[in-house]
Amino acid sequence: MKHYSALGLLRNALGRNRRWTPAWRSAGPKKSYDAVIVGGGGHGLATAYYLARDHGLRNVAVLEKGWIGGGNTGRNTCIVRSNYLWTEASLLYEKSLKLWEGLSRDLNFNVMFSQRGVYNLGHSLQDLRDIERRVNANRLNGIDAEVVGPAKIKKAIPCINTSPGARYPILGASLQRRGGVARHDAVAWGFARAADALGVDIIEQCEVTGIEVRAGRALGVATTRGAISSERIGVAVAGNAGVLAKMAGLRLPVESHPLQAFVSEPVRPVLNTVVMSGAVHGYISQSDKGELVVGAGIDAYNGYGQRGSFPVIEQAMQAVIELFPAFSRVRMLRLWGGIVDICPDACPIVSKTPVEGLYFNCGWGTGGFKATPGAGWVFAHTLACDRPHELNAPFSLERFSSGALIDEHGAAAVAH
Amino acid sequence: MSESAPPAGIAIRVRSARGFINLRLNPRNRQALEAAERVLGQQAPLSANTFTGGEHNLYWLGPDEWLIATGAQRASELARELAEALKDFHAAVNDVSGGNVELLVSGANASMVLAKGCPLDLHPRAFAPGQCAQTGLGRAAVLLAAVDPSTYAIVVRRSFARYLRRWLENADSAGVPFRAAGKRQQAGYRSSP
Amino acid sequence: MAAAQPNRLPRGGRIDRSRPLAFSFDGKALEGFAGDTLASALLAGGVSVLGRSFKLRRPRGIVGSGAEEPNAIMQIGEGATAQPNPPATQVPLHDGLTARSTRGWPGVRFDLGAVNGALGRMLGAGFYYKTFMWPRSWWKHYEHAIRKSAGFGRVPEGPDPDRYEHMNAHCDVLVAGGGPAGLMAALVAARSGARVILADEQNEFGGSLLASGARIDAAPASDWAAAAVVELRETQDCVLLPSSTVFGYHDHNFLTIAERCGPQGRGVRERLWRVRAKQVVLAQGSLERPLVFCNNDRPGVMLASAVSTYIQRYGVLPGRRAVVFTNNDSAYQAAINLAVAGAEVAAIVDSRAGGGGELAAGAQSLGIPVLKGHVVSDVAGRRRVAGARIARWEGRSWGTVKSTTRIDCDLVAVSGGWSPAVHLHSQAGGQLAWDPSKLCFLPAKARQANVSAGAGNGKWRLGECLADGLRAGVEALSEAGLKTAAVRAPDASADAEEKMIEPLWRVPAAKDADRCPMQFIDLQNDTTVADIRLAAREGYRNVEHVKRYTALGFGTDQGKLGNINGMAVLADTLGKPIADVGTTTFRPAYTPVSFGVCAGESTGPLYDPVRTSAIHEWHEAAGAPMETVGQWHRPWYFPQDGEDIQAAVARECLAVRNSLGVMDASTLGKIDARGPDALEFLERIYTHDVARMKVGRCAYGMMLGEDGMVMDDGVMARTAERGFYLTTTTGGAAAVLEWMEKWLQTEWPELEVYLTSLTDHYSTIAVAGPNSRKLLEKLGCDTPLDRERFAFMAMKPAVLAGMRVALFRVSFSGELAFEINIDSRHALDMWRTLMEAGKEFCITPYGTETMHVLRAEKGFIIAGQDTDGSVTPVDLGMKWLLSKEKDFLGKRSLERPDCLRDDRKQWVGLLAGDGRTVLPEGTQLVGDSGEAAPMCGHVTSSYFSACLGHPIALALVAGGRRRRGETIYAALPGRKPLPAQIVPPVFYDPKGKRQHV
Amino acid sequence: MLLIECPWCGPRAETEFSYGGEAGIFRPADPHALSDAEWADYLFYRSNPRGTHRELWNHAQGCRRWFGVERDTVSYRIKRTYCLSGASGGQPDGSAGGLEAGSGKRR
Ligand SMILES: Cc1cc2nc3c(=O)[nH]c(=O)nc-3n(C[C@H](O)[C@H](O)[C@H](O)COP(=O)(O)OP(=O)(O)OC[C@H]3O[C@@H](n4cnc5c(N)ncnc54)[C@H](O)[C@@H]3O)c2cc1C
Ligand SMILES: NC(=O)c1ccc[n+]([C@@H]2O[C@H](COP(=O)([O-])OP(=O)(O)OC[C@H]3O[C@@H](n4cnc5c(N)ncnc54)[C@H](O)[C@@H]3O)[C@@H](O)[C@H]2O)c1
Ligand SMILES: Cc1cc2nc3c(=O)[nH]c(=O)nc-3n(C[C@H](O)[C@H](O)[C@H](O)COP(=O)(O)O)c2cc1C
Ligand SMILES: [Zn+2]
């Protein structure tokens, strides 16, 4: 791997940029690996990176059916925060946020993590109670959080509509200043490049079509590029988790739904932070290039189509205009969808499975981008040690039988 | 663009003094059906999305559900008679007069104004007089019925009536893209430069 | 005095020279004519630099004449009605229009940011990811600087004063695109009696015919188009939508069209057509491709077809001395048009050794020199093309050219061939196939009910387009099951014989591809050939990676101009066929659409219905502030003479406790459940033993989800042996009914039960307080109301004050209380009657806040406030509500290990240690006063109790019930933890005597 | 936006309906006889297939009937819709709990 440095950039520029080498090798699959990660999204790539970096496991392959980052990692609205309600969840996300804070340096790849703050708006008295409760819990868990009133919100976000006459007036908000956004594609590329440098094989255009299980043990995978054996298989395929589970004869408490987002044309800077609202369902930020990036709600039905229904977009538009009446004349440039893996309690599964040597990282639903480094970190630990880290122990499959669900619906109704 | 719009010219009025009864029974139970029809003095529509007129309007709501619209004075008494006639059957008769408001929307452009917020195909071939449907209008759920080629009856839940009225007035005031005039559906409203 | 239009031709064009229009660009006064676009008027006025590129800030001029324009991104108008970002080519000119360029500081002509251009090599693809990381803490400063230069236009300054609306439409055949192919398809469909919608994004139908000298049926092609439009307009069930872009092709043949209504829009600025089409004919036409050579972004390098359009349609001559550069025949037409319009065509530079076909002969007969087997390898000039460097073409894209000669010119008209606009076909999920002879992707198998026609289907010649449109129309009709009228395709003037296009994806330069001057592929994002090569070198080889690494096709034109060239260059770089590289994914919007039109009329006052009770107007008149509960507005409290909320609520509470209060509880959900199996059904739904309820009795009922968590609650009454009246929470009403129906219809269809919503029919008035019985008695009630004959938790139909009601003796306040359910038509009357008669008892209306305080004093829960989806009835201390005799929904879940833990959070009362702090709701509780103690619960409800004279709170506390009497701590932000004592959750009248009197 | 054919009312826009998840999840006859794992399977585990999915929809703004839909979760194409009979709408059936199947069709 070529180290990126200011001098290197200059030297390369003078050399007409001809000396750059691939950020990650296009590796062919070997017959066997110590660990195979299925899914070349942020989570899979981060898992491989931490496996190699922290657990010394370098004979590792990441198998991606298309191009890395082409799943939800490449199609999300990039919101990063850790102000979840329950201690179990917020500690996991906070671990991730801490990793985000050093990630560009760790990876020697600028993932453009921008801590511009995240506002979660409240529009009813019950919203305010929930905000108060969550902010207090965050603070006691050592996570930065504050409650702000309409006047302060208006000051920080001049184009927002805080009029008390609005249909759903803004009564207050929680603010996490350390929250923000990151450049989605760069996260996949940065992890890939850093993992590759540690010897991980990143294998694109390689779809896993079967999982070999004998006597309750996972032995390898069948792929469109041949069979690969490995006794440690970590699956991080987000919306496709159910499909992979079926290959191993398992079912999961997860359902796949389309989730849509859209961007506007680039406009001059108007929105310096991230704004989310559960009641007026929408969330919005402005990218470094100037597009307004807006997330809509999920479509109610199961779907693997990476596209959704237009009425959901209409509702998100109405929500944005409620919050920002001046955005009405801004124009939508492009809209797309991703397949999100929804869990009954709006919390993820990072867990061993009934099949030995087979591990699943899924169920992040509409909010797993922010977890990318943290999820990779705990999943790597789980694979390497064959037991969860204490941070992900609560997120096992057992909770669905024991009843120890971690219900983040309230805090995560717009869980991005 | 600020010039105000010539309204579409529809008339919106509340049909006053209406009473409503919700009737549930399984039409396969002929005896029950006939008992109800005897009280009503008319047939209940069995075809989906239709209504019958007569002394009352009987709207098909579902395969075992009808809305009976009648005079306000008559409703509670009729409900009692129905309940009495059906007391030996599995049936439900509920006076819902207080829960509904009936609006009449009329005018040559009525269907176009409604189409702004209603996903149904309101073309006269698809939704002819005598047809009705429960559907959405704006953000309210309504029962929509084609009374004659330019008149629709809309039954809406009382708590949504204020909203719906406002929605209709707004839709009317924005005019229609082209006038429904005679045979021609439209007159080009944009002159070619 | 009229501003000069130096480039306006003396005649010709579809503009109305009798209607001059004044406009301004960057403050400069200019003039054009009705029928102009902003672009044509600017060109007429001699403006050549219109913008700066995004990254490198190079000066840019107009390249295209339609949706493909990447450079001329404008800011139109000012204030609240400003419009950011439309390309000048798509802005119809109107009088007084003000336009500004959107990039460049201080201005487009002299831009300080242009230093970026000098740093170009460092700013190559992926530059950001490699830098700005040192020192770590500086990133926020770097980011600040990066963000400052973001974006093109500015968001308007205030709320949008214009209106938008939706229109639902249904048709047999939707035709997208009104060029010759689309018009033909629409004609045959219309003549066959089908319901047709024809939409075209331009303000006039005719597509390419509007700028064409061709003839159809021996008349000018535009006359044919005009006649077709007249016929369609006269046909019943045919809807013509000009200025309307079909921007989205969604599932189940649902398409979205944005209509720009303009000044004739009768107050509506834009309208969203939501169309469900049986069949769709896609006749979007094709997009011309530019050629890729050094400095090909200089103002004055323009698409050949755009040159023709400006001359033919707008009467504007975009240059005086032109070089036409092509690899196919179509550009010869531009050369001819230029020459006929009076420009000098210095040369047609044709990469093909054999040159052009019949059109070439025509050009030559006009004296235009044709350089066969040559290319333009570079242009001179910065703010405007000054000359073209011509080199011999050896057929090798990646070599270098030996020597060049310069031809002076101020216009280079380029054509690299045509790409069918397959956008909608692809959005609909259709496949594409690379055609190696036509050098373009053609629509292949469609996934939905659509068929492509015309240039959008790879038919370049007019005659073919007309015939193809007819074919597509006929196919669509037969797929829709409709009869087809006999229609023949008109004759097009003999289309010229053409020679085949030959590949020319990149023009070699004097130096190799990494060292030569920049060769642009995506003009808006400054993506160059070198960038694509760099991306490939760095391993970003998938076309989607290249897109994301170089921003190819990311701009407002979505790669209409550059994508295919980019893919071809990538294919070359990787040594793969273009077909294997493939395209990126096509997505809505075809061209950008405003948020406003997508939102339609459902904004502002129509954003979401406000549901109000039948008594609402009284509350409003009383000046009650409203609380939003679900969609409802409910009176929150009733302030008197300047009272604040605390004072009002204290007064209201005391009034209820001491005498008489009245509340509008109409928003509760109400359901009539009836049938032989109603009892059995409700046994399964509710946790308590419903069978024990006698007719005329009420009970508090609770429903759990199958996961055992509290879902909803309310009072239910048995109205008959087989009939029940159920109430739900305000917010839960609709969901609960739907959920009950789901169980009934899908799981237990054998149960004979009918559920009917009575939420709106009945209004509910709660009369509470020691004097409530006296009040009702005073009004005259046909039923005795005394304690014996109308016991607590009884229900009776009655006539009260002459009105028919259902009376419930239930209490959510703990006081003697009645709930009057009355036909909503009479609710306001009843309310007024109560208020009048209650004067002697100082009757006091109270709102939701007082209701909450009163119930909290009594330890009654509010589902959704004291519960949050993780709370079981056991946690609430309501085990008594769970039947031991029967199964009910959610019961099994309560036996899971986690639900049996005795350290679960349990609902308790809490008294602040200082006796005066009202603990904020949402306060977290900790076990001891240490700073970092783990949380053991939180405050769910908290009020100052005027009747008790101190604050009270309710909380969920881990193992709370066994910890009664213990002290825990409220972790108040910025303060020392405040001790609080755990107490039972009932603060007032724990024996419940008052409600029984 | 999907176009869903209500077995009673005919084809209607998706916005008139609400979704009810996978069809054919039967409520166990005796929940208390189930192990925690089996109960969890009934409660939370779903087949979530990529391809044909049998699911429940409710014509919420229309006739309020729940019915079955067979839909492809990739193409979103609806293969058919059907009235329900048995528990959880598992079995497609015309009888619809004693109601006349398709009596809801347009005249
Ligand atoms: C529109 C949208 C907005 C969102 N907004 C946010 C947000 O603001 N903040 C936030 O935190 N989260 C957000 N999310 C959620 C977030 O994107 C995801 O939770 C997260 O990116 C998941 O990462 P992943 O690596 O697990 O999955 P993915 O990035 O989806 O990676 C999974 C990979 O597995 C591959 N794969 C699938 N099947 C196979 C197979 N058989 N063989 C090999 N490979 C396979 C896929 O091709 C894919 O590349 C959003 C999601 C969407 C769709
Ligand atoms: N000589 C050549 O090589 C060559 C190449 C291509 C085309 N042509 C000529 O171009 C013409 C092609 O005819 P045609 O009818 O196929 O196309 P056209 O270009 O004449 O018309 C297409 C129309 O569709 C509109 N349109 C595109 N996308 C739209 C959308 N999403 N929504 C609404 N409107 C949209 C365009 O604005 C245009 O008016 C013929 O005359 C043909 O000879 C010639
Ligand atoms: C945060 C973010 C910003 C984006 N900005 C743009 C943009 O400026 N221009 C653009 O064309 N697409 C933009 N996209 C959308 C992508 O082009 C693409 O639609 C998305 O990654 C989904 O991939 P697909 O459409 O190829 O399936 C953006 C996507 C994300 C997640
Ligand atoms: Zn229906």
Side-chain angles (χ1 to χ4, degrees), chain A residues 4 6 9 13 16-18 20 22-24 26 67 70 87 104-105 109-110 112 114 124-126 129 132-133 136-137 139-140 167-168 185-186 265-270 288-290 310 313-314 317-318 320-322 325-336 402-404 407 409-410, chain C residues 83-85 121-122 124 128-133 136 143 146-147 150-156 158-160 250 256 514-515 534 537-539 542 544-545 548 556 587-589 592-596 598-599 602-603 607-608 628 865 868-870 896-899 920-924 935 938 971:
Chain A
Y4 296 151
L9 263 179
R16 309 278 153 185
N17 286 322
R18 273 193 291 203
W20 292 112
W24 65 92
S26 114
W67 38 284
T87 297
S104 294
R105 287 295 279 263
F109 199 99
N110 192 347
M112 307 182 80
S114 163
S124 68
L125 299 180
Q126 187 55 40
R129 288 180 198 112
E132 195 74 41
R133 176 182 174 197
N136 288 329
R139 281 214 277 234
L140 290 168
R167 174 66 182 87
Y168 290 102
D185 297 323
E265 296 183 288
V267 287
R268 306 289 298 156
V270 282
D288 285 346
K289 253 182 75 205
F310 196 70
I313 296 298
E314 293 170 347
M317 294 283 189
Q318 289 154 2
V320 168
I321 293 172
E322 273 309 288
F327 291 0
S328 157
R329 299 171 94 87
V330 176
R331 304 193 300 173
M332 174 182 80
L333 176 61
R334 184 174 174 99
L335 89 83
W336 67 91
S402 72
D407 197 320
H409 277 117
Chain C
Q83 174 61 58
N85 292 8
R121 299 250 178 245
M122 279 200 61
Y128 294 111
Y129 311 127
K130 298 173 184 158
T131 185
F132 299 132
M133 289 180 281
R136 176 171 157 178
E143 199 205 0
I146 295 169
R147 299 199 72 200
F152 291 108
R154 280 173 203 287
V155 169
D160 191 343
H250 315 270
T256 42
D514 299 313
R515 281 193 295 179
L534 173 61
R537 197 175 291 141
E538 292 194 85
N542 188 293
E544 298 285 3
H545 277 157
R548 286 158 176 81
T556 58
R587 296 273 190 189
V593 287
S594 69
F595 286 15
C598 294
S602 295
T603 59
Y607 175 57
D608 197 28
T628 300
Q865 174 171 345
D868 62 3
S870 71
R896 295 174 303 175
D898 197 70
C899 294
E921 287 164 347
T923 298
Q924 292 287 343
M935 286 169 273
H938 75 280

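So that the names make sense, note that chain A is the first sequence line, chain B the second, and so on, each numbered from 1. Remember, predicted model here, so these are calculated numbers, not experimental data.
In terms of heavy-atom pairs under 4.5 angstrom with chain C, the leader among A/Ser402, A/Gly290, A/Pro325 is A/Ser402.
Between A/Phe109 and C/Tyr129, a ring centre-to-centre spacing shorter than 6.0 Å is recorded.
With a 4.5 Å cut-off on non-hydrogen atoms, C/Met935 touches chain A through its side chain but not through its backbone. Looking at A/Glu322, the atoms closer than 4.5 Å to chain C (heavy atoms on both sides) all sit in the side chain, from C-beta outward. Within the 4.5 angstrom heavy-atom criterion, atoms from both the backbone and the side chain of A/Ser114 approach chain C. Both the backbone and the side chain of A/Val267 have a heavy atom closer than 4.5 Å to some heavy atom of chain C. Both the backbone and the side chain of A/Arg129 have a heavy atom closer than 4.5 Å to some heavy atom of chain C. Both the backbone and the side chain of C/Thr603 have a heavy atom closer than 4.5 Å to some heavy atom of chain A. Residue C/Glu143 touches chain A through its side chain alone, counting heavy-atom pairs closer than 4.5 Å.
Applying salt bridge (Lys or Arg N to Asp or Glu O under 4.0 Å) to A/Glu265 and the options A/Arg334, A/Arg329, A/Lys289, A/Arg331 leaves one that passes, A/Arg331.
Here the side chain of A/Glu314 pairs no donor or acceptor atom with the backbone of C/Ala599 at under 3.5 angstrom. Of the possible polar contacts, none joining the A/Asp407 side chain to the C/Ser870 backbone as a donor-acceptor pair under 3.5 Å is found.
The environment of CZ in C/Arg154 is sparse: at most 12 heavy-atom neighbours from other residues, nucleotides or ligands sit within 6.0 Å.
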